[in-house]
Amino acid sequence: MSWLERIGGRPREKSAPDEAEVAETTRPAPVRRSAPALAAVFEGLSPDGSHAVLDLGLATQAHLRLYRPYASWARFAGFLPEPPRGTALRSALRELPPNPVRPYDVVLLWNLLDRLGPDQRALLMDRVARITAPDARLYAVVHGSESSAIQPLRFTPLGPDRISHEAVGEPEPAGRPLLPAEMERVLEPFRVLRAFTLRIGMREYVAVKDEPGDP
Amino acid sequence: MWKKDEQDDEKEGTSGKQKPAGEEPRGKQRRPGSGSPEPATIGPSITIKGDVTGDEDLLIQGKVDGLVNLKQQSVTVGPEGRVKADITGRVVTVHGEVEGDLKADEQVILRSEARVEGDITAPRVVLEDGASFKGLVDMSGRSERTDGSPKKSSPRSTASTKSGEPSGSSGGSSGASGSKSDGSSDSSAAKAGASAKTEKASP
């Protein structure tokens, strides 16, 4: 007889965990790691709120916290975690407006390029080039190794040089990985400055725009 | 300043979760005659097409299609609120869905179940985990504070009896103007007050 039973109480019965609890405990925790290319994007940017950020992914408080010292404007396109495809992408890009006050000078693609086909990437980069400043900086991360499937990831900045990532959704069939030489072509008119390989088999790129954008 | 703001964000986002106005926890309920009126409410069955203006806090649990302008007040879109309008207030809090721009003198808060598409202009913006937002965040009007403390909210006007800005049409009282879904006149139209709770909009 347990001490609780001795004093007249009843031991609490453990309830079976429900599915949500099981899913919560079995889902891999977000992985935190350093992000040298992200650090390179923000390096040298004046923390005076004079910049304008174009983030093609998801909006979170963590993103705002990162951008706020540098930028007074941050547009979130919401193309992640599930990018628009086909005609939906065309209209979404058409509706992606330029910044009202000054062109975007920091662009974050996150892992969007991985999720688009070659034609869609070209459309995306064309639109990004049109609405960004002549010296805009760009950050992208792509799968760099051969694999049969890509696990979509959600990236969250933890600071100017750290990110966390976690799996979202189901793995997707992988196309040909975007190798460095191809990335140089894909990112035009942005010129790749540096690239870093992350342990998860992904590569980070930081690029800067060489050509003037539309007024 | 950043760390203080973060702490404030944490408080607002987690332990300091605020329920929609009008659903205060026990001990904090406003009592009649206490001097702090409950917010005006647009109930879940109410649909307003037009402009909503006024001089009191507002909780939207129904549908609004038009414009919501309560510049000095708190505007809350409750979990059942569906708004296709630009919203202007002192503090704007969203639990439901908004398609439109949000402008606030103090802050805009998107709770975890919020779905917002539009631009946000406010010196301070809080996005809870799970909130969905697509659009521009314009923080260019933020004031630089040396102590990092948030602005304190100004005292609310006591009057549900005060009339708001002239609506430009007949009536001029605080409430909805423009076309009404049920065809009723302005004077009996869905005011941002008790009458809005009793009227039911025609589909």
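In what follows, chains are A, B, ... by sequence order, proteins preceding strands, each numbered from 1.
Every residue two or more places apart in sequence or in another chain that forms a ring-ring contact (aromatic ring centres under 6.0 Å, His included) with A:W110 is listed here: A:H63, A:Y139. With sequence neighbours left out, A:R203 forms a side chain to side chain contact (heavy atoms under 4.5 Å, CB included) with A:P180, A:A195, A:T197, A:Y205. Under the rule for a side chain to side chain contact (heavy atoms under 4.5 Å, CB included), the partners of A:V208 that lie at least two apart in sequence or sit in another chain are A:R191, A:L193, A:D210.
Proximity to chain B (any heavy atom under 4.5 Å) is restricted, for A:P100, to the side chain, taken from C-beta onward. Looking at A:D55, neither its backbone nor its side chain comes within 4.5 Å of chain B, counting heavy atoms on both sides. With a threshold of 4.5 angstrom between heavy atoms, B:D129 does not approach chain A through any atom at all.
Among the residues in residues 78-94 of chain A, those with a non-hydrogen atom closer than 4.5 angstrom to a non-hydrogen atom of chain B are A:G78.
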Does the side chain to side chain contact (heavy atoms under 4.5 Å, CB included) test come out yes or no for B:Q107 and B:T93, once each step is laid out? CA-CA 8 Å; B:Q107 65 177 352; B:T93 306; over 6 Å; no

Side chain to side chain contact (heavy atoms under 4.5 Å, CB included), that's the test. Do A:L109 and A:M125 meet it? Break it down for me. CA-CA 10 Å; A:L109 301 184; A:M125 291 309 301; 4.0 Å; yes

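The most heavy-atom pairs under 4.5 Å with chain A, out of B:D119, B:L110, B:L127, come from B:L127.
Other residues, nucleotides and ligands contribute over 12 non-hydrogen atoms within 6.0 Å of the CZ atom of B:R115.
Remark: B:K103 does not engage B:D86 in a salt bridge, criterion side-chain N to carboxylate O under 4.0 Å.
Here A:F155 and A:H165 bring their ring centres to under 6.0 angstrom of each other.
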